[in-house]
Amino acid sequence: MGHSKWIVRDCGYDIQALLKQESVFSTSNGYLGVRGNFEEGCGENEKTIRGAYLNGCYDITGVDYDEKLFGFPEQKQTIINIHDFQTVYLSVGEEPFDLSTGRIIRFERILDMQKGIVTRAIEWESPSGKRVRIDIRRMASLAVRELFVIDYRVTPLNFSGSMHFVSEAKADVLSYCDSDDPRTKSCPEINLRFVGGDIYDGILYLESETISSKIGLACAVTHTLNKKADFSYERNGMTVGAGVQVHAEEDEEIRLVKYVHCLDGEMGRLKNKALSLAVAHTGYIDVLYGKQRAYLDARWAMADISIDSDDDMDVSLRYCVYQMICQAALCDHSIPAKGLSGEGYEGHYFWDTEVFIHPFYELTDPERARELILFRHSILDDARQNARRLGHASGAAYPWRTISGSECSTFFPAGSAQYHINADIAYALIHYYSVTGDEEILLNEGAEILFETARLWMELGHFQEGVFRIDTVTGPDEYTAMVDNNYYTNIMARHNLKWAAKVYRMLTERHDHSLIERIGLSVEEVEAFEKAGEDMYLPYDDRLGITPQDDSFLKKKRWDLAGTPADHFPLLLHYHPLVLYRHQVCKQADALLAHYLFPRDHDKDMMARSYEYYEQITTHDSTLSVGVFSILAARLRQTEKAYEYFRRTVRVDLDDTHGNTKDGLHMANMGGSYLCVVGGFAGLAIDDAGLELSPVLPDAWRSYRFRFKYRESVFEILVTKDGTEITRIEGDPVEIKVHGEVKMY
C-alpha cells in the first residue's frame with residue numbers, strides 16, 4: 001500500500017483483498033458509515049460485504065439457549081445494514097462497465113485524509129476497445145450528518161459516444177454473517193420491513209422500519225449532471241432508480257453527483273425531513289467539499305502527530321487518528337468496536353471506548369469526550385436493571401456489550417463477568433476530569449455514575465482477613481475467566497471507590513445534597529466505599545516479584561506457545577474455552593494494563609519483572625494487546641522493543657494482521673496506536689496530581705511532534721535527539737514534570 005504524508009493509496013486491483021479494502025476505505029462521520037464497496041458491484045466469484053450503517057440504529061433479536069439459566073439475556077441488539085444506496089451502473093455505449101471484463105489499465109484507491117474523500121481512479125478499456133477514465137469520489141459529510149455523496153466522473157479517452165448511468169437505492173438487504181467466527185453474527189437476518197418507496201420531483205425515496213425495535217429508516221436520493229439531459233425514474237418492488245443517457249465528446253468529462261440522505265427516527269416524521277434535506281443540499285457539492293476540508297483542518301490542528309522518519313509510521317498513525325476523528329465526529333451515541341465500517345461485534349459498544357479511545361478525545365477534542373460520558377450516563381438506568389438481573393440488590397452493572405443499554409453478551413464467562421467495565425467507565429470520567437477540570441459533569445452526571453458503580457463493588461466484593469476481595473470475575477484477559485481477585489479489576493475498583501467517596505465530600509462541602517438524597521446515598525455507604533478502597537486486596541507474588549494476574553493464575557500449567565501451530569492462532573477459534581481457562585496463557589495485556597493506567601502506583605523494577613514474565617505467555621490474539629506492550633516498553637526505556645510493538649499496532653488494519661479487517665476496522669487498536677506515541681514514547685501521564693512527561697525517541701525517528709489540551713491550555717511537544725521542547729500555544733502557564741523535574745511552561 002503506497003502512501004504520502006496525507007494519502008493512503010492502494011494500487012492495483014486485487015480480488016483477494018477486496019473485503020479488507022472495503023473496510024479500510026470505508027467512510028464515516030460517526031452517525032453514518034458506508035463500506036468501500038464498488039458502485040457497480042462485484043463479479044459472481046468475488047466476495048463482498050455490502051453495507052451501510054447508522055450509529056445506534058439496531059434491531060432486536062431473540063436469543064435461543066438449549067439450557068437457559070436465570071438472568072441470561074433473552075434478547076440482544078444488533079446493528080443493521082440499512083438501505084443499499086451505493087449502486088451506480090455505467091454503460092460505455094452498449095457495454096457495461098465491469099472490472100471482470102475488458103482490460104484494467106490503471107486502478108487506484110486513494111484516501112485523502114486532509115480532504116476527507118475516498119477516490120477510486122480507474123482507466124478501463126471495454127471489450128470493443130473503448131477507453132475511459134473513471135474517477136469516483138465518496139464522502140460521508142462532516143458537515144451534514146445524514147449525507148453521503150458519490151461524485152462519479154467519466155471521460156472518454158479514444159472515442160466520442162454515449163454514456164448511460166443508472167443509479168439505484170434498494171431496501172431489500174441482509175446483514176452479514178459468519179457462523180465460524182464468534183466475533184460476527186452467526187446467521188443472516190432480514191431486519192427491515194419495507195414500508196414504501198416512490199419518486200417525488202426527482203427524489204428517490206425509500207422508507208422502512210426495523211422489525212422488532214420499530215425504528216424508522218428513510219433514504220432520499222437526488223442527482224445532478226454537468227450536462228443537460230433528462231433523467232428517467234422507475235420503481236420496481238423495493239428498488240427505486242434513476243437513469244440518464246448523455247453524449248460525450250472525446251476528453252469531455254461527464255460528472256454525475258449522487259446525494260444520499262439517510263436518517264432514522266420515529267415513523268411518520270421521517271419523510272418530510274428526508275425530502276427537505278435532499279432539496280437543501282443537492283447541487284452544493286463544492287461547498288460540501290469545502291466544509292469537509294475546513295472541519296478536518298480544524299481537527300488536524302489539534303490531533304495530528306507528525307513523525308520525521310524514513311519509515312511509514314507517519315501516515316500509518318495518521319490513518320488511525322483520521323478514523324478516530326471521523327468515527328466520532330457527529331455521533332450522539334458511543335463508538336462501536338468496529339466503528340461504522342463493518343458488522344463485526346454486531347455494532348456493540350464495549351469497554352474499548354473508555355480505556356483505549358477516550359483519551360484521544362480528552363486530549364484533542366474534550367467536548368466529544370464529554371458527550372461519550374453523557375451517553376454512558378444516559379443508559380445508567382439500564383445498568384441498574386442489569387445489576388438486578390445479575391442478582392445485585394443495589395448499584396449499577398454496565399453491560400459488557402450493548403447499543404441502547406441492555407446486555408447483549410450471551411456468553412457470561414467472557415461477558416457479564418467482566419465487571420471491570422464499571423471501573424473502566426469511572427476511570428474515563430475521572431481521567432477526563434483530571435485533563436479538563438470539568439467539575440460540572442463530575443459533580444452531576446459523573447457523580448451519579450461513580451456512586452452507582454461503587455455500590456456495585458460493595459455488592460460484588462467482601463471483607464475477609466482484613467482485606468476487601470472481589471471473587472468470580474473475568475479480567476481483560478478473556479483466556480482466563482471466573483477468577484478471584486483479578487489484579488486489574490481490583491485496582492480499578494479501588495480507584496472507583498476512592499473517587500466516589502472523594503466526590504461525595506466535594507458535594508457535601510458545597511452543601512449540594514440533591515443527588516445524594518435522590519439516590520438515597522448514606523454516610524455509612526460512603527464510609528464503606530473508603531474502607532473497601534483502602535483495604536482492597538492487590539495480589540503480589542514475593543517469589544517472582546511480580547503482580548499475579550489473579551489468585552490462581554501462577555499455579556496453572558503454562559501453555560506451550562512455541563509448540564502451537566501457527567495456523568492455530570487466535571487460540572479462541574481453535575480451542576474450547578475450558579482448555580484455555582485451565583492454562584497460564586494470556587489473550588492480551590491484563591495486569592500490565594493496570595501498570596500503564598496507574599504508573600504512580602507501581603515500582604519500575606516490579607513493572608519490568610512483570611513485563612518480562614507476561615511477555616512470554618501473551619498471544620496478542622486481541623488487537624488491544626500490542627499497543628499496551630509498546631507503551632510499557634517505552635516507559636521502561638526499552639525503546640526499540642516499544643518501537644517494534646508500535647509497528648505491529650499501527651499496521652493492524654492496513655496490513656490486516658489479524659485476518660478480520662473485513663468485518664470492520666479495529667477502533668480501540670487505533671486509539672492504542674495514538675497512545676503508543678503520546679502515553680508511551682512521550683510518557684504523558686495525567687491524574688489529579690498533575691501532568692508528567694518522560695519522552696524517549698526511537699532510533700528510527702529523527703523527531704516527533706504533537707499537541708494536546710490540558711485544562712484551558714494547549715501545548716505542543718517536540719521530541720528530537722537533542723531533547724524535548726515544550727511550547728505553550730495558548731492558555732495560562734502550567735506546571736509540568738519532565739523527567740522528574742517540575743517547571744512552569
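Along the sequence shown, residues are numbered consecutively beginning with 1.
Residues R600 and E692 come closest through the heavy atom pair NH1-OE1, 3.2 Å. The shortest heavy-atom contact between Y611 and F629 is OH-O, 2.8 Å. When every heavy atom of E354 is checked against every heavy atom of P359, the shortest pair comes out as O-CD, 3.9 Å.
When the salt bridge (charged side-chain N to carboxylate O under 4.0 Å, His left out) test is applied to D438, the partners found at least two apart in sequence or on another chain are R370. Residues passing the ring pair (Phe, Tyr, Trp, His ring centres under 6.0 Å) test with F85 are F148, sequence neighbours excluded. Listed by chain and residue number, nothing satisfies the side chain to side chain donor-acceptor pair (under 3.5 Å) test with R137 (two or more places apart in sequence, or in another chain). Applying the side chain to side chain donor-acceptor pair (under 3.5 Å) rule to D590 yields the partners N486; only residues at least two apart in sequence or on another chain are considered. In terms of the salt bridge (charged side-chain N to carboxylate O under 4.0 Å, His left out) criterion, E712 has no residue partners (sequence neighbours excluded). Residues passing the ring pair (Phe, Tyr, Trp, His ring centres under 6.0 Å) test with Y58: none are found, sequence neighbours excluded. Partners of D332 under the side chain to side chain donor-acceptor pair (under 3.5 Å) rule, at least two apart in sequence or in another chain, are R145. Looking at residues two or more places apart in sequence or on another chain, you find a salt bridge (charged side-chain N to carboxylate O under 4.0 Å, His left out) between D308 and R702. With sequence neighbours left out, the side chain to side chain donor-acceptor pair (under 3.5 Å) criterion links H261 to H281.
With rounding to the nearest 0.5 angstrom, the CD1 atom of I430 is 9.0 Å from the NZ atom of K502. Here OG of S316 is found 11.0 Å from CG of D653. Values are rounded to the nearest 0.5 Å.
Remark: the E615 side chain and the Y645 side chain contain an N/O donor-acceptor pair separated by less than 3.5 Å. Using a 3.5 Å distance cut-off with no hydrogens or angles, the side chains of D352 and Y345 do not pair a donor with an acceptor. Of the N and O atoms on the side chains of S23 and R35, at least one donor lies less than 3.5 Å from an acceptor on the other residue. Between the side chains of S625 and Q588, no donor N or O sits under 3.5 Å from an acceptor N or O. In the model, W499 has no side-chain atom that pairs as donor or acceptor with a side-chain atom of D688 under 3.5 Å.
Residue pairs meeting the ring pair (Phe, Tyr, Trp, His ring centres under 6.0 Å) criterion with at least one partner in residues 714-740, sequence neighbours excluded, are F708-F715.
Residue F375 places its CZ atom among more than 12 non-hydrogen atoms of other residues, nucleotides or ligands, all under 6.0 Å distant.
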Check: residues 725-738 side-chain donor-acceptor pairs under 3.5 Å, at least two apart:
{"from": "R728", "atom 1": "NE", "to": "Y745", "atom 2": "O", "distance (Å)": "3.3"}
{"from": "R728", "atom 1": "NH1", "to": "G731", "atom 2": "O", "distance (Å)": "2.8"}

Scan the side chains in residues 671-681 for donor-acceptor partners under 3.5 Å anywhere in the protein, sequence neighbours excluded, and list what turns up.
{"from": "S673", "atom 1": "OG", "to": "N669", "atom 2": "O", "distance (Å)": "3.0"}

Could you give me the CA-CA distance, side-chain angles and deciding distance for K641 and E644, then say whether salt bridge (Lys or Arg N to Asp or Glu O under 4.0 Å) is met? CA-CA 5 Å; K641 181 180 286 187; E644 289 307 314; over 6 Å; no
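Here D656 does not pair with K662 in a salt bridge; the nearest charged N to carboxylate O distance is not below 4.0 Å.
For Q292 (side chain) and L142 (main-chain N/O), a donor-acceptor pair under 3.5 Å exists by modelled atom type.
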